[in-house]
Amino acid sequence: MPELPDVEGFRRYWSATALHQAIVSVEVRAPGLLEGVSEAAMNRRLVDRAFASAHRHGKWLFVEVTRDGYLALHFGMTGGLAYFKAPAEAHRHARMVLDFDTGYRLAYIAARKLGHLALADDIAAFCRKRGLGPDALRIGRDSFVEQLGRRRGRIKTALMGQDLVAGLGNVWVDEALFQSGIHPETPCHRLPRRTLERLYRVMRRVLRVGIREAIQGGGFPSGYLRGHRTEGEPCPRCGMPLRRLRINQRSTYYCPRCQGESGAK
DNA sequence: AGTACCACCTGACGGC
DNA sequence: TGCCGTCAGGTGGTAC
């Protein structure tokens with residue numbers, strides 16, 4: 001599930017639970033998720049330290065280790081966090097479990113082992129190395145519009161890539177395009193500047209709504225595509241049956257009336 | 001530059 | 001009940 005809004009939820013969850021407690025031990029249950037660091041090195045870096053603050057860039061979470069860089073976490077498609085009082089059994093899909101001297105534990109969960117765990121000295125350098133663009137909630141409007149308008153590929157592909165803007169995934173790209181009235185296959189450079197500016201505003205709005213939902217629950221406003229991702233289901237805005245496309249191997253849902261034609265071909 | 005396909009993993013669901 | 005294909009909110013590599 002984790003796109004930007006979910007990871008922002010994890011950031012706040014971590015901040016509210018697992019800061020400022022001495023780390024007693026680190027148990028890595030899926031070594032394959034470690035990137036550029038051994039379990040032993042992870043222990044050396046974390047044990048007897050504490051986490052001081054949590055930061056997010058795109059879909060990555062960076063947790064500051066007191067005066068010694070960051071633990072970097074990516075949640076793949078199925079990741080999450082669970083904070084609980086030991087000795088409760090950690091989740092069945094826990095891939096790393098941190099024990100604190102307070103008797104609490106924090107588990108990093110990833111049913112499919114598609115996530116990543118790493119250490120980073122510097123967030124900006126780490127993101128640069130991985131080819132991540134600016135975070136979707138921090139990029140400026142003009143930069144967004146200019147860079148997107150220069151691309152020749154399909155708008156959905158451009159937004160899904162983490163190089164131009166980091167944080168959007170399949171669901172939130174579909175949502176932003178739906179609410180902007182843009183067909184997902186439209187070549188970027190065919191979109192007028194005003195339309196890209198609208199997309200920018202809509203992207204920020206839907207992400208903020210997503211964050212609120214990720215943190216408080218309560219569902220999405222009516223008129224959101226989210227929750228109606230089924231072919232043939234009526235469009236939540238106009239009632240027209242929704243369509244499904246395959247773009248970059250990913251299911252893409254859109255409304256043929258609200259989002260018109262792509263202008264491709 | 002852009003796209004298509006494969007790989008990495010596991011779980012849930014529908015059809016036979 | 002079992003087996004099989006397909007799908008799932010991610011990413012990275014490779015080949016055209």
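Note on naming: letters A, B, ... go to the chains in the order of the sequence lines (proteins, then strands), and numbering restarts at 1 for each one. If you're wondering where the values come from, they're calculated on a predicted model, not measured in any experiment.
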Validation: residues 231-239 of chain A side-chain donor-acceptor distances under 3.5 Å, sequence neighbours left out:
residue: A/E233; atom: OE2; partner: A/H228; partner atom: ND1; Å: 2.8
residue: A/R237; atom: NE; partner: A/G223; partner atom: O; Å: 3.1
residue: A/R237; atom: NH2; partner: A/G223; partner atom: O; Å: 3.3

Interatomic distance where NZ belongs to A/K59 and C1' belongs to C/dG12 [whole Å]: 13 Å
Could you tell me the separation between the CG atom of A/L73 and the P atom of C/dG10, rounded to a whole number of Å? 17 Å
I need the CZ-P distance between A/R95 and B/dC9, as an integer number of Å. 11 Å
Taking the six-membered ring for Trp, are A/Y83 and A/F100 parallel (under 30°), tilted (30 to 60°) or perpendicular (over 60°)? tilted
Under 3.5 Å for both distances, Watson-Crick or G-U wobble, that's the pair rule; now give the dot-bracket for DNA chain C, with | marking pairs to another strand and [ ] for crossing ones. .|||||||.|||||||
Distance test, side-chain N/O of A/S251 to OP1/OP2 of C/dA8, below 4.0 Å: yes
Using whole Å, report how far CZ of A/R112 lies from P of B/dA7. 15 Å
For the P atoms, the ones on B/dA7 and on C/dG5, what distance do you get once it is rounded to whole angstrom? 15 Å
Rounded to the nearest Å, what distance is computed from the CG atom of residue A/L117 to the C1' atom of nucleotide C/dT11? 15 Å
Among C/dG9, C/dT11, C/dA8, the one nearest A/Q162 by side-chain distance: C/dT11
A/T78 (side chain) donor-acceptor with A/R112 (main chain) under 3.5 angstrom: yes
When you measure from the side-chain N and O atoms of A/R246 to the phosphate of C/dA8, is any distance below 4.0 Å, counting only OP1 and OP2? yes
I would like to know whether A/Q179 and A/R205 meet side chain to side chain donor-acceptor pair (under 3.5 Å); could you show each step before the answer? CA-CA 10 Å; A/Q179 293 198 29; A/R205 192 180 69 227; 3.0 Å; yes
Test of ring centre spacing under 6.0 Å for A/F126 and A/W60: yes
Could you tell me how the ring of A/Y108 sits relative to the ring of A/F75: parallel (under 30°), tilted (30 to 60°) or perpendicular (over 60°)? tilted
Every protein N/O lying under 3.5 Å from an N/O of nucleotides 1-4 of chain B:
residue: B/dG2; atom: OP1; partner: A/R152; partner atom: N; Å: 2.4
residue: B/dG2; atom: OP1; partner: A/G153; partner atom: N; Å: 3.1

Hey, what's the ring geometry for A/Y200 with A/F144, parallel, tilted or perpendicular (30° and 60° as the breaks)? tilted
Taking atom C1' of B/dG11 as reference, at what distance in whole Å does atom CG of A/L114 sit? 12 Å
Kindly determine whether A/R244 and A/S251 satisfy side chain to side chain donor-acceptor pair (under 3.5 Å), including the steps that lead there. CA-CA 7 Å; A/R244 175 176 182 247; A/S251 283; 2.7 Å; yes
Heavy atoms only, 4.0 Å cut-off, all strands: where does A/H74 land among base, sugar-phosphate and nothing? sugar-phosphate
B/dC5 and C/dT6: how far apart are their P atoms, nearest whole angstrom? 14 Å
Using the rule that Ile, Leu, Val, Met, Phe, Trp and Tyr join whenever any side-chain heavy atoms are under 4.5 Å apart, tell me whether A/I247 and A/L177 fall into a single cluster. no
Using whole Å, what does the distance between atom P of nucleotide B/dG11 and atom NZ of A/K113 come to? 9 Å
Donor-acceptor pair under 3.5 Å: do we get one between A/N170's side chain and the base of C/dG10? no
Please assess A/R11 against A/D6 for the test salt bridge (Lys or Arg N to Asp or Glu O under 4.0 Å), listing each intermediate value before the final yes or no. CA-CA 9 Å; A/R11 186 187 74 75; A/D6 310 282; over 6 Å; no
Taking 4.0 Å as the cut-off, does a side-chain nitrogen or oxygen of A/H93 come that near to OP1 or OP2 on B/dG11? yes
Interatomic distance where CG belongs to A/L177 and P belongs to C/dG9 [whole Å]: 15 Å
